[in-house]
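Presented below is the structure to which this report refers.
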Amino acid sequence: MTSPNGDSTPNPDDLLRAERHAALRRLAASLSHALGTPLNVISGRAELIELDSEGLPDVLDSAQTIRRQALRISEMLKQVLAQLDHLDEDAESSSIAALLETLGPDLGQIELRVADGVADCRLRRADQARHFLAQLLRWGREIDALKGLDIGRNQQHGAEFHLHISPGVNVSDIRTALEPWIQRDPCEARESAVVLTSAQAVQLAVALGHARDAGAELELRHSLDGSTFLARWPQQA
């Protein structure tokens, strides 16, 4: 639609559709936050019961059933968020170069490696990406184990953010912060791994929540050199 002076004006139907899509995304994000915390608690407590139920097969079976159902609900939420993430794909998009520029002091002196051709890649939910990286970078510095950030790209996702932590994090102490939202390597970290305080575990959970609500895939990997948080971020279509 064009106004008499030649300026382009928004189509009322497009504005209404955009408002509806935004409302749906806010609703899904609210549900994700509202259900995420109790699901984390349920899953974590069920795992504790599993560990303490040696010789009690009925108790073990019940705990495993509870944890499976918590994971099932979380998967359903992920599917809803993934569907909504395709609405208005141009909204809140930004290039990785612009994203890194806005992070500024949060990057500090860490080793930053950006693969060739990735800087111009545009990501959906750029604000969520900024909050996720800023929170995770501050968390890494607080535990004094942040070693570097690698940014790459693949066919299915706009970017892969690899945040390297050394000597690694103790998975058993932060399971409630990780589950059921993040896939994790079954291998536990070494004895020398970082042990998080309750506040640090909460800070980590908040950072992961920003990525989760944007439809990013999260993973935690372990190696001899430490741990790596991997976020596969959706790109603009």
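Quick caveat: nothing in here was measured; it's all calculated off a predicted structure.
Residues Leu163 and Leu133 are not in side-chain contact: their nearest non-hydrogen atoms beyond the backbone lie 4.5 Å or more apart. Side-chain atoms of Glu217 and Leu230, non-hydrogen and from C-beta on, never get closer than 4.5 Å to each other. Contact check for Arg68 versus Leu71: no side-chain heavy atoms found under the 4.5 Å cut-off.
Between atom CD1 of residue Ile110 and atom CG of residue Leu107 there is a gap of 5.5 Å, rounded to the nearest 0.5 Å. Taking CD of Gln128 as the start and CG of Leu123 as the end, the distance is 12.5 Å to the nearest 0.5 Å. Note: Arg141 CZ to Asp106 CG = 6.0 Å, rounded to the nearest 0.5 Å. Note: Glu111 CD to Leu146 CG = 10.5 Å, rounded to the nearest 0.5 Å. Rounded to the nearest 0.5 Å, atoms CD1 (Ile165) and CG (Leu204) are 9.0 Å apart. Going from atom NE2 of His162 over to atom CZ of Arg232 covers 7.5 Å, rounded to the nearest 0.5 Å.
Residues Leu112 and Leu136 are members of one and the same hydrophobic cluster, defined by side-chain heavy-atom contacts under 4.5 angstrom among Ile, Leu, Val, Met, Phe, Trp and Tyr. Leu60 and Ile66 fall into different hydrophobic clusters, where Ile, Leu, Val, Met, Phe, Trp and Tyr are joined by side-chain heavy atoms under 4.5 Å apart, directly or via other members. Cluster annotation: Ile49 is not connected to Ile42 through the hydrophobic network of ILVMFWY side chains, with a link wherever side-chain heavy atoms come within less than 4.5 Å.
Formation of a donor-acceptor pair under 3.5 Å by the Ser166 side chain with backbone atoms of Asp225 is found in this model. No donor-acceptor distance shorter than 3.5 angstrom exists from the side chain of Arg113 to the backbone of Gly152, with no hydrogens or angles considered. Of the possible donor and acceptor atoms, one in the side chain of Thr197 sits under 3.5 Å from a partner among the backbone N and O of Gln200. A donor-acceptor pair under 3.5 Å is formed between the side chain of Ser227 and the backbone N or O of Val169.
Closest heavy-atom contact between Ala119 and Ser95: O-CB, 3.7 Å. Heavy atoms only, all atoms of each residue included: Glu50 and Ala63 are closest at CG-CB, 3.6 Å. Closest of all the heavy-atom pairs between Arg130 and Leu103 is O-CD2, 3.7 Å.
Applying the salt bridge (charged side-chain N to carboxylate O under 4.0 Å, His left out) test to Asp61 and every residue at least two apart in sequence or in another chain returns nothing.
Under the side-chain hydrogen bond (donor to acceptor under 3.5 Å, both in side chains) rule, Thr228 has a single partner from His222, Glu219, Arg221, His164, which is His164.
Taking the six-membered ring where tryptophan is involved, the planes of Phe132 and Phe161 are tilted, since the angle between them lies from 30° to 60°.
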I would like to know whether Trp139 and Leu208 meet side-chain contact (heavy atoms from CB on, under 4.5 Å); could you show each step before the answer?
-> CA-CA 11 Å; Trp139 170 82; Leu208 299 180; over 6 Å; no
